[in-house]
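Reviewing the structure listed below.
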Amino acid sequence: MSDRNNGYISNEEFYLKEQEVILLKKELNIQLNLREAELKEYSKLLSKYEQLEKKYNSLRNSSLGKLTVRYWQFRKKLKGYNSSKGAPKHER
């Protein structure tokens with residue numbers, strides 16, 4: 001099919017290689033589009049998270065927020081919160 005001695009390839013081999021390159025380019029383009037969409041989604045989620053964190057910190061640092069957090073900590077101590085299991089202990 002090809003004359004390897006002279007470095008030439010046949011038209012058929014060239015066509016097959018060209019088709020392979022085209023398929024690889026299409027696949028690469030699809031993957032690129034997917035990654036770009038994922039990056040946009042991640043960026044949106046990160047922005048939402050930062051907004052929520054800002055609101056949370058504002059609430060927590062308010063007078064009522066500080067009181068609420070202290071109340072939750074007090075209730076945790078009263079219930080005998082077991083941090084290793086992540087759930088309150090229930091004794092009967």
Atom pair CG (L23) and CG (L28), whose distance is rounded to the nearest 0.5 Å: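 It comes to 12.5 Å.
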Inter-residue atom distance L46.CG - Q51.CD, 0.5 Å rounding: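 Atom-to-atom, L46:CG and Q51:CD are 10.5 Å apart.
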Transitive ILVMFWY cluster of L16, excluding itself - 4.5 Å side-chain cut-off: none
Whichever hydrophobic residues join Y49 through chains of side-chain contacts under 4.5 Å: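 Noted: Y49 shares its cluster with no other residue.
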Over 12 non-hydrogen atoms of neighbours within 6.0 angstrom of CD in E27: no
Residue N11 excluded, over 12 heavy atoms near CG under 6.0 Å: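 Open: at most 12 neighbouring heavy atoms sit under 6.0 Å from CG of N11.
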Donor-acceptor contact present, side-chain S47 to main-chain S43, <3.5 Å: no
N29 (side chain) donor-acceptor with K25 (main chain) under 3.5 angstrom: no
Heavy-atom side-chain proximity of E20 to K17 below 4.5 angstrom: yes
Min side-chain heavy-atom separation I22-Q19 under 4.5 Å: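 A side-chain contact exists here, since the closest heavy-atom pair is under 4.5 Å.
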Short N-O contact, R35 and E38, less than 4.0 angstrom: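 Result for this pair is yes, salt bridge flagged.
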Side-chain polar contacts of residues 65-72 - donor-acceptor pairs under 3.5 angstrom, sequence neighbours left out - could you list them?
from : atom 1 : to  : atom 2 : distance (Å)
T68  : OG1    : L64 : O      : 2.8
Y71  : OH     : R75 : NH1    : 3.1

